[in-house]
Every structure is written in structure tokens, then in C-alpha cells.
Protein chains: 4
Amino acid sequence: MISNRDLAVDIFQISTGSTEPIYRQMVEQVRRQILGGQLLAGDAMPSVREVATALGINPMTVSKAYSLLEADDWLVRRRGMGMVVAEKTLSLDEASSRLALLRPSLERVGTEAKQLQLPAEAVLSCLSEILNQNDHDTNTQK
Amino acid sequence: MISNRDLAVDIFQISTGSTEPIYRQMVEQVRRQILGGQLLAGDAMPSVREVATALGINPMTVSKAYSLLEADDWLVRRRGMGMVVAEKTLSLDEASSRLALLRPSLERVGTEAKQLQLPAEAVLSCLSEILNQNDHDTNTQK
Amino acid sequence: MISNRDLAVDIFQISTGSTEPIYRQMVEQVRRQILGGQLLAGDAMPSVREVATALGINPMTVSKAYSLLEADDWLVRRRGMGMVVAEKTLSLDEASSRLALLRPSLERVGTEAKQLQLPAEAVLSCLSEILNQNDHDTNTQK
Amino acid sequence: MISNRDLAVDIFQISTGSTEPIYRQMVEQVRRQILGGQLLAGDAMPSVREVATALGINPMTVSKAYSLLEADDWLVRRRGMGMVVAEKTLSLDEASSRLALLRPSLERVGTEAKQLQLPAEAVLSCLSEILNQNDHDTNTQK
DNA sequence: GTGGTCTAGACCACC
DNA sequence: GTGGTCTAGACCACG
């Protein structure tokens, strides 16, 4: 069995050291997981308090992220029953569409690699390694 | 001939929309270009005013970035001659060392790709394309 | 001369007794005043702190309203220089379009009047009186 | 014949999307209908369960509204017979008195119309249309 | 139990 | 000076 606490930890990977605000990290992660299909329409999100205690952050920070996601129709509020993943009209089944969402981060890597004068092969093999590691994690986790 | 204005544009790629503070973007970019060898010890940096007008940002922001770079011994202030790239004792000739600096960005791509459920091949080929494009730009630009 | 404090009081008419949250009242009022033409693209909004002290509410409440307005592209944030009315692509010059925005409130009046069994003439003459009073205020104020 | 389910739908016009709490919407609507004479002393109210299922809301919400109405002597609890409209000592036969209860909503329309820069005639004709539509509904319904 | 609102106060980033 | 973020804690509305 998976507790709600684990659910919160599973959904959110927060890095407090980043300049990216916590609430924004949460918003982006939920968006991507909805688009990626890990979070399906109707899935219940862990409650504000659960997430807050699991991640050791303030409930209002979580609430802010949830509110923004609700305002953009990614989540729906069920009165007194928490937040649920909304049914998005737009579907991004096509991997190519989802790839477009990754592009800004890839271009960031591109400029950084260029400035560091790194050969393309080195960068690609390093990324390949990271991606395979992720797959491995996912598989063993199942 | 290349004006200083062009130089400023060449060195700094600022995105005002990002949550990443402008001054930090500038600091990181100079650091990487020194490590990568685009900026060599003794090279003159464009003046605060030139950078500010070229990029349309506040001179104090540029000044802050320069001050931080000076405090970390990446730049040296030459009286009457503006800022100059310092001679760093530590060298990162090894590409592997410089690759380590790129690693955080690569891991960010990794987690985003995983959340978007994107296949590794698609991500790698897209990045490969971006890296080659950059090389091409550099070549034709020369 | 008009102080910024007066500006804040002029733009925002907050009723703390209402069930409508303060920040939402503010959002709606700014939206209507942009649509109505009282607030023009480029106009500077009073600062968060000014509004907060003028209305006697918490700065974060004002900030929340401003953030929501920014998220919906009604306001634009000028770094370090406060918020400014955005240039909306959509124009609602037509009074008929703006009337549509008033419709929910009118229908509320309709159901309430029906439940109170009030004759249409009485309701209309009362509203007419209120509207003329407003015009009068505006004229004498000029 | 009119079922109790229809009765519930007839008495209560609930908008779940509103910021106005559901129970308060219910309280206000019952009050207005008693003052307006649609609900007469001795009339039986539909049961909590009937209202809840008819409107698709939580029974506790209905119960809360009824309790508040009872506390304010608008309804009386008859053992085994549910809630019944009370005999109010105060009477608001005069339309002018009941009009006063509508005034807050009318003033809200006034401020919104002013902010939207709408001409009085347009607002009045739109409201007139709505009021006539209501009358028409009532007549044909009978 | 759920989320929402508001307050008070601290600290940061940017101009 | 500007707005932004986060925390801590109280209270409300709803189920």
C-alpha cells in the first residue's frame, strides 16, 4: 500500500536551493505529469496539509500552487473533498507536442554547452546516461 | 568591425521573462565562457553602460553582476580601462570537469523528460539538433 | 494634485462586510475599469504598499490581486517600477459587449425582485435613480 | 401535480460556482420568498433530503440553512412534519419596504455599470427585459 | 476532514 | 523605492 505521504513525495521533487520558487516548481511538475499521463483526469491530489508536512513546507505555499493550477484548469476543486485532476480539453498525446514543452530546457543546455565549449558527443552521452538511469529507476520501482 | 554593442549582445543572452535573476544569468554566462575559453585572460569586458544600453536593462544590474564576478576573481578592475578577464589559477582544461558544470541542467532535463514521459531517443535527437545548430552558427559567424 | 493615496481610494471600493473576498473584489474592479476605459494601457497602478495603507488591508492581499491580474494579462510587472496596465489585444469598445459583463448582476437582481414580488416599475425607477446619482457624482467630481 | 422534488427546484436557485456560500444563498432566497408572499405561513418546506438530492448538494448544507432560518424564526420545526413557514409578526406588506432589501444588489449594479462606463438607458432596458422575462415565466408556469 | 482568506512579519531581488 | 516568496497562525466555509 502507498500512503498519501508517499504520494506527495512521489509527485513533488522540490529543490529548496533553486532560485525557482517552490510553488512554481510544483505547478510545473503537476502540469508535466498531467501532460505525461502520470496524473489522469479524476485522480485525487494529496491534500494541502499532507503535501506540506511531507515536504516540510508551509501549507500556504502548497495552497498557492494548487490555486494557480485550478485557475489554469489543471485541477478542479471539489468542495470539502480536495483537489482532483481536471479533464483537459486539449490533449497532448503526441510526443512531439510534449517535446515542445521540453525545448526551453534543452536550449538552455545548448547555450551552456556552447559557452563551456563542450563537444556535442560528451553532452549527449552524459544526458543519455541520465535518461537511462531514470528508466531504470522507474522499472525497478514498479 | 565589431562594435562593443555587438560584443555585449554576443556575450550575454538575457531572458527577462525567466525567474532567474538577470544579474545571475550574467554571472553564470561569464563564468562559463571563461571556463570554456571564449573569454581569455586579459580580454576587456564591455563597459557597464554599453551592456546596459545594448540589452535594455538597468546599469545597476550590470554593475552588480560585474562586482560579483570581481569578488570571485573572475574579472579584475583596471583603473580607467574597465573590467578585464582575470588570470585564473585554477584551470578546467579537462572537458570532463567542465561537463560537471553542465550536469545540473542536464539532470533538470532528465526529470522533465521523465515527467513528460518522453522517450530518450526523442530527447537526445532534439538536443543533438540544437547543439549542431549552435556549432553551425559559430562557424558561419566566424 | 492627486496623491497616490487618493488614486488607490479612487480605483478600489472595498466592502469588507461582503462574502466576496477582498482580493477578488479588487480583481473585478480593475478588470471593469480597464474594459470601461478608466484605466488605460500604460497607466501605472498605485503600489502594493500604497493601496494596502490607503485601504487599511494587508499588503499581501493587494499583492495577491495584482498577481492574479498579471497572470491574466491585465497588468504587466515592470521590474522594480511597479505594475502597469497591459495592452490587451481584445478590445471591448462595444457597449453591448461590456453589457454582457454586467448581465450576471442584473440577473441576480431579477431573481431577487421576483422572489420579493416587486413590480418591475419600482425596481427600474430605483435603479434609474442610483445610476443618475452616479452620473451626478462623476460630473460634479470633474 | 407537483412533486416535492420540483418544489425544491422551484424554491432554490443555487449557483455552486459563486463565491456566495450555498447555505447563505438558500437562507436569503427563503427570506425573500416569505417576505414576497410566495411562501405563506404554514407552508411545508421540502425535506432536507429532498432538497439535497434535487439540487445535488450535501444534506448538511441544507440542514445548516434550515437551522439558521429556524434560529431567526423564519421557519418552525414541526415534530414529524419537517419544517414549516413561521408566522412572522413583522410584516413587510409595503413594496417600498421590500424594495429596501433589493437595494444592495441594485447599488452593486450601479457601481459595476459606472466602472464599465455603460449608459443608464442600456442598463435599464436590459434589466427591464430580464424582469419581463421573469413575469412571463411565472405566468406561463401557472 | 477539505481548501480559502487574511494578517503580521521577515527576507530577497531588482531598480 | 518596487514586487515576490515564505512562514506562522488564526478563522471561515463546506462535507
Side-chain angles (χ1 to χ4, degrees), chain A residues 4 14 16 18-26 44-52 55-67 69-71 75-84, chain B residues 16 18-26 52 56-65 68, chain C residues 4 14 16 18-26 44-52 55-71 75-84, chain D residues 14 16 18-26 52 56-65 68:
Chain A
N4 282 331
I14 300 304
T16 53
S18 165
T19 57
E20 186 87 348
I22 296 175
Y23 79 90
R24 187 176 295 275
Q25 294 179 45
M26 300 177 73
M45 296 294 293
S47 83
V48 167
R49 292 163 175 81
E50 280 168 0
V51 175
L55 302 186
I57 60 179
N58 190 291
M60 277 205 59
T61 304
V62 183
S63 180
K64 181 171 186 177
Y66 276 15
S67 295
L69 285 163
E70 187 199 10
L75 300 183
V76 179
R77 203 177 75 226
R78 297 246 186 266
R79 302 187 121 174
M81 300 181 62
M83 309 288 281
V84 162
Chain B
T16 53
S18 165
T19 57
E20 185 88 352
I22 295 176
Y23 81 92
R24 187 177 296 275
Q25 294 180 44
M26 300 177 72
I57 61 180
N58 192 295
M60 286 191 58
T61 304
V62 183
S63 178
K64 180 171 185 177
L68 287 172
Chain C
N4 282 331
I14 300 304
T16 53
S18 164
T19 58
E20 185 88 348
I22 297 175
Y23 79 90
R24 189 176 294 275
Q25 293 180 45
M26 301 177 72
M45 297 294 291
S47 81
V48 167
R49 291 164 176 82
E50 279 168 0
V51 176
L55 303 185
I57 59 179
N58 189 292
M60 276 205 60
T61 304
V62 183
S63 179
K64 182 172 185 176
Y66 276 15
S67 296
L68 289 173
L69 285 163
E70 187 199 7
L75 299 183
V76 179
R77 204 177 73 224
R78 297 246 186 266
R79 302 188 119 171
M81 301 180 62
M83 309 287 283
V84 162
Chain D
I14 301 303
T16 54
S18 166
T19 57
E20 185 87 351
I22 296 175
Y23 81 92
R24 186 177 297 272
Q25 294 180 45
M26 299 178 73
I57 61 180
N58 192 295
M60 287 192 56
T61 305
V62 183
S63 178
K64 180 171 186 177
L68 287 172

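The basis for the numbers below is simple: all heavy atoms, side chains too, and nothing from hydrogens, waters or symmetry mates.
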Query raised in the report: C:Leu68 CG to F:dG3 P: how many Å, rounded?
Result: 15 Å
Query raised in the report: For DNA chain E, whose closest nucleotide is more 5', that of A:Arg78 or that of B:Met60?
Result: A:Arg78
**Report entry** Sugar-phosphate only, base, or nothing, as touched by C:Ile22 at under 4.0 Å among non-hydrogen atoms
**Finding:** sugar-phosphate
Query - Nearest-angstrom distance from the residue atom CD1 of D:Ile14 to P of F:dC14 - result: 11 Å
Requested in this report: Looking at every strand, decide which applies to D:Lys64 at a 4.0 Å heavy-atom threshold: base, sugar-phosphate, or nothing.
Outcome: nothing
Query raised in the report: Hey, does the side chain of C:Ser63 come within less than 4.0 Å of F:dG4's phosphate (OP1/OP2), counting only N and O?
Result: yes
Query raised in the report: Are the side chains of A:Glu70 and A:Val76 in touch, meaning some heavy atoms are under 4.5 Å apart?
Result: no
List, one per line, each side-chain donor-acceptor pair under 3.5 Å for residues 59-66 of chain C, sequence neighbours excluded.
residue	atom	partner	partner atom	Å
C:Tyr66	OH	C:Pro46	O	2.6

Query raised in the report: At under 4.0 Å, does any side-chain N or O of A:Ser47 touch on OP1 or OP2 of E:dG1?
Result: no
Report task. Check the distance between F:dG3's P and C:Glu70's CD and give it to me in whole angstrom. Result -> 11 Å
Requested in this report: Any chance you could encode DNA chain F as dot-bracket? Rule is Watson-Crick or G-U wobble with both distances under 3.5 Å; [ ] for pairs crossing earlier ones, | for another strand.
Outcome: ||||||||||||||.
Report task. Check whether any side-chain N or O of C:Arg77 sits under 4.0 Å from OP1 or OP2 of F:dG4, and answer yes or no. Result -> yes
Query raised in the report: Between C:Arg49 and F:dG1, is there a side-chain N or O to OP1/OP2 distance below 4.0 Å?
Result: no
**Report entry** Student check: side-chain heavy atoms of D:Met26 and D:Leu68 closer than 4.5 Å
**Finding:** no
Query raised in the report: For the pair made of CG in A:Leu69 and P in E:dG4, what is the distance, rounded to whole Å?
Result: 11 Å
Query raised in the report: Is C:Thr61 near enough to E:dT5 that one of its side-chain N or O atoms lies under 4.0 angstrom from OP1 or OP2?
Result: no
Report summary line: C:Glu20 atom CD is separated from E:dC6 atom C1', nearest whole Å, by 15 Å
**Report entry** Full working for side chain to side chain contact (heavy atoms under 4.5 Å, CB included) between A:Arg78 and A:Met83
**Finding:** CA-CA 6 Å; A:Arg78 297 246 186 266; A:Met83 309 288 281; over 6 Å; no
Query raised in the report: How long is the line joining OH of C:Tyr66 and C1' of F:dT2, in whole Å?
Result: 12 Å
Report task. Considering just the side-chain nitrogens and oxygens of A:Tyr23, establish if one lies under 4.0 Å of OP1 or OP2 belonging to F:dC6. Result -> no
Report task. State whether C:Ser67 places a side-chain N or O below 4.0 Å from either non-bridging phosphate oxygen (OP1 or OP2) of F:dG4. Result -> yes
Query raised in the report: Expressed in angstrom and rounded to an integer, what is the separation of A:Glu50 atom CD from E:dT2 atom C1'?
Result: 10 Å
Query - Sugar-phosphate only, base, or nothing, as touched by D:Asn58 at under 4.0 Å among non-hydrogen atoms - result: sugar-phosphate
Report summary line: A:Met81 CE to F:dG15 P, in whole Å, measures 10 Å
Report summary line: Separation between CZ (C:Arg77) and CG (C:Leu69), nearest 0.5 Å, reads 13.5 Å
